[in-house]
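These figures come from a predicted structure and were not determined experimentally.
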Amino acid sequence: CRDCEARARPSLERCARKTEAAMASMQYNFKKITTVPTAKDFIDVVLSRTQRQTPTVVHRGYAITRIRQFYMRKVKFTQTSWNEKLSRILEDFPRVDDIHPFYSDLLNVLYDKDHYKLALGQLNTARNIIDKIAKDYVKLLKYGDSLYRCKQLKRAALGRMCTIMKKHAASLAYLEQVRQHMSRLPSIDPNTRTILVCGYPNVGKSSFMNKVTRADVEVQPYAFTTKSIYVGHTDYKYLRWQVLDTPGILDRPLEERNTIEMQSITAMAHLRAVVLYIVDASEQCGYTIKQQSDLFHSIKPLFANKPLVVAINKTDVRKLEDLKPEDASLIDAMRDAARGPASLRMEGDDEDDLPTMSTLNEEGVSFVKQVCCDKLLAARVEQKLASRRAGEVLNRLHVAQPKPRDAVARPAVIPHSVALNRLKKADGSLKIVTEKELQGLNGGAGVYSADLRKDYQLDDDSWKYDIMPEIFNGKNVADFIDPEIDERLAELEREEDELEAAFAEEKAQAEMEAEPDMDDEEKALLKEVRGRRKELVETHRRKKSAGNNAPTLPRTVSASHADPAKRATTKRMKESLEAMGVDPSRAIARARDRSVAREGRLRKRSRSAAETDEAMDDDEEKVRKHSSKSRSVSVARRVDRADRSKSVGLRDDDERMRAQKMADKAQRKMNKRAKIGEADRTIITKMPKHLFSGKRGIGKTDRR
């Protein structure tokens, strides 16, 4: 119905605008098209990939489900490889119906659109047939009853896939040639600001392009030197411009034009650009002015809705004034045709002079470029203003025009001092000396130091260069400085310490008075407990504030360096043991006997005598104090090894014997594994055979 159409029309217009914008912003880079291999290489790549990335070992004794899965996997993997590679080729090549019309017609001119679409369609058909073959043979493999039948089905499936690709060898070769040629095409942006240079062969198109751009197009004195479209870039009014050099065109019917000429026709038909038609006034190109005029009028329909500039070249050989009247009239006719009807002329099109130039001595080349660029800019502005979008933007804009409030004149207010200084400067009575002039008068840069205080605004100008006193809030800072501030600060700190000590004493006295039924001994004990508690709290707070960042030191080092109060001495040991009710005499004697620092050097005779006395005093027969390890001790070593372990914290020899046996038992497991101990991480076999041999499976290459 009409209502539905009216409701759907805005959405359709939005979709059309989005499509146009997408095509306008589309960039074509044909160099990224993937390489198309030949049919033989294509088959080798896919089959070798299947062989490498699928299992290859199967036995007759396997379960039939496993055998079927083995061959089904190969068929599916091969089909996936074909599908991925063919899809990549079909996606990379541009679709003729989806790209810009310029590129669409250019592909038709260069490669024959029908042949191109037929080749891509054949590859698409081959992809679909391969998918169908894989589907059918996987269905047959599900009912394979033996290894031989499954193998033959797999072989038939892969063979049919390869046969299909062999049939399309011609299409693959054609697409590879197209890809190579497309990768050499220039990168032309169909929507940017473009100057399109056209005309008869050998009239100076390539020379003009070499002068105005950084391109280097071959220039020769014979016709059709340029056989394809060349692109160059130039700058004008801080904008980047694209200049296209097209091959020469001959004046003949469209169906008789060759591929080289059709490239120029395609560019003129589809690119929104300013067309620069170059005329050779000297006729050295081999074509008369009449022939060039006839060509201009024959291709004039291609210039519709485009800015057109007719430029006269090679004026260094033949001036415009030296032309014959009939030639001059032909050129005037071309100029009038380029300007168009008077009603459609834009601003700046009323000048009567034709732009002339000489690409040999570069005379007038920049002027021709300027005329082309200005015409195209004006045409693009007119086109944008004529569009509906410009009207929508203008409707959202509002330009505010200020109106006078009243008729009162309000001139600018200039202070009297400023006006007076202006008058003094005008008559020369006031001369302002700048810092640069002062620098030149006082030794130059590096010698002269600028005076930063001379412009200080103070109550008294004599204060400008005073170091002291310093003024703050209108008061002299030096008046408030106390010369005895250090002594007073020390006195205040001492007074604070006395107050804190008095407060602590009062607090302790109050706590003692809170326990009236305690005697003096209990009060002393309570005071000692509270002092110890306070010490522990302070130690904990100190460790907590340090963040436990202190290194862990041996007890002897920590006692002697970190905290001397914790140093282990015989006196402290005696006090602690007596407090526990233990006789400390033997422990103190043993500690002093084992003290190396105070023992000094003993003569060998006295040591042996002491050992002899101990042996004589010990009448009891000694039992064996070692485990089985004692048998391996060298016979030459007669020193009692068990007596050296008295400091390990064990009570007697029986406990030492039990500890040794437990250590021997714990070591048995390590001995079986050829380990020295728990910390032995030695790997004897670096590369085990079962992990580093055989065929690699999918996802099993991380060990290599």
Side-chain angles (χ1 to χ4, degrees), residues 28 30 100-113 178 180-190 194-234 241-280 283-288 291-303 306 308-311 313-314 334 357 359 368 372:
Y28 304 101
F30 298 137
H100 195 274
F102 165 69
Y103 276 110
S104 178
D105 281 4
L106 189 63
L107 291 178
N108 186 27
V109 168
L110 295 175
Y111 317 118
D112 187 4
K113 184 192 301 184
V178 171
Q180 292 178 4
H181 194 278
M182 291 178 66
S183 65
R184 292 191 291 268
L185 286 178
S187 180
I188 300 174
D189 188 355
T194 307
I195 301 174
L196 186 65
V197 186
C198 64
Y200 258 101
N202 209 22
V203 296
K205 302 184 297 297
S206 300
S207 300
F208 173 79
M209 182 171 176
N210 289 340
K211 298 298 181 183
V212 299
T213 67
R214 292 177 289 273
D216 185 15
V217 184
E218 184 182 4
V219 177
Q220 296 294 339
Y222 50 83
F224 288 107
T225 306
T226 304
K227 295 182 177 61
S228 62
I229 300 176
Y230 285 89
V231 182
H233 294 86
T234 185
W241 294 73
Q242 185 176 248
V243 183
L244 298 184
D245 178 21
T246 60
I249 311 172
L250 298 179
D251 186 15
R252 51 186 177 181
L254 185 65
E255 57 272 6
E256 295 181 6
R257 289 194 171 104
N258 56 22
T259 303
I260 298 176
E261 295 175 273
M262 287 304 298
Q263 296 182 50
S264 300
I265 299 298
T266 303
M268 285 187 286
H270 296 291
L271 293 180
R272 295 185 297 175
V274 55
V275 180
L276 175 61
Y277 186 82
I278 298 180
V279 178
D280 184 4
E283 299 181 351
Q284 291 180 349
C285 60
Y287 304 97
T288 63
Q291 290 175 318
Q292 299 179 53
S293 175
D294 294 341
L295 174 64
F296 174 82
H297 290 290
S298 67
I299 63 175
K300 189 169 63 174
L302 297 175
F303 305 151
K306 295 185 180 69
L308 178 60
V309 177
V310 178
N313 192 21
K314 301 184 183 180
M334 285 190 289
M357 64 178 176
T359 55
V368 173
C372 295

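Minimum heavy-atom separation, Ile278 to Gly204: CD1-O, 4.1 Å. Contact detail for Pro201 and Cys285: the closest heavy-atom pair is O-CB, 3.6 Å. Taking every heavy atom of both residues into account, Val279 and Met334 meet most closely at CG2-CE, 3.9 Å. Between Ser187 and Val231, the shortest heavy-atom distance links the atoms O-CG1, 4.4 Å. Looking at every heavy atom in both residues, Gln263 comes nearest to Leu110 through NE2-CD2, 3.7 Å. The two residues Val274 and Val309 come nearest to each other via the heavy atoms CG2-CG2, 4.2 Å.
For Tyr287, the ring pair (Phe, Tyr, Trp, His ring centres under 6.0 Å) criterion is met by Tyr200, not counting sequence neighbours. Listed by chain and number, the residues in a side chain to side chain contact (heavy atoms under 4.5 Å, CB included) with Pro301 amount to none (sequence neighbours excluded). With sequence neighbours excluded, the residues that form a side chain to side chain contact (heavy atoms under 4.5 Å, CB included) with Lys211 are Glu362, Val365. Under the rule for a side chain to side chain contact (heavy atoms under 4.5 Å, CB included), the partners of Gln180 that lie at least two apart in sequence or sit in another chain are Glu176, Arg184. Qualifying side chain to side chain contact (heavy atoms under 4.5 Å, CB included) partners for Ser207, counting only residues two or more places apart in sequence or in other chains: Val219, Thr359.
Here the side chain of Lys306 pairs a donor or acceptor atom with the backbone of Met268 at under 3.5 angstrom. No side-chain donor-acceptor contact under 3.5 Å links Thr266 to the backbone of Phe102. Proximity of a side-chain donor or acceptor of Glu261 to a complementary backbone N or O of Leu250 within less than 3.5 Å is detected. Between the side chain of Gln242 and the main chain of Ile188, no donor-acceptor pair closer than 3.5 Å is present.
Of the inter-residue distances, the one linking Ile260 atom CD1 with Ser228 atom OG reads 8.5 Å to the nearest 0.5 angstrom. To the nearest 0.5 Å, the span separating SG on Cys198 from CG on Leu295 amounts to 8.0 Å. Distance OG1/Thr194 to NE2/His233: 8.5 Å, rounded to 0.5 Å. With rounding to the nearest 0.5 angstrom, the CD atom of Gln292 is 7.0 Å from the CD atom of Glu283. Atom-to-atom distance recorded for Leu302:CG and Ile249:CD1 is 8.0 Å, nearest 0.5 angstrom. Rounded to the nearest 0.5 Å, atoms CG (Leu276) and CG (Leu244) are 11.5 Å apart.
Exactly one of Val217, Asn313, Val203, Val368 qualifies for a side-chain contact (heavy atoms from CB on, under 4.5 Å) with Phe208. That residue is Val368.
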(request) Decide side-chain contact (heavy atoms from CB on, under 4.5 Å) for Ile299 and Tyr277; before the verdict, give the C-alpha distance in whole Å, the side-chain angles of both, and the deciding distance to 0.1 Å. (result) CA-CA 11 Å; Ile299 63 175; Tyr277 186 82; 4.3 Å; yes

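Evaluation of the salt bridge (Lys or Arg N to Asp or Glu O under 4.0 Å) test over residues 293-303, restricted to residues two or more places apart or in two chains, returns Lys290-Asp294.
Classification of the Phe296-Phe303 ring pair by plane angle, with boundaries at 30° and 60°, yields tilted.
A salt bridge does not link Lys205 with Asp245: every distance from a Lys NZ or Arg NE/NH1/NH2 to an Asp or Glu carboxylate oxygen is 4.0 Å or more.
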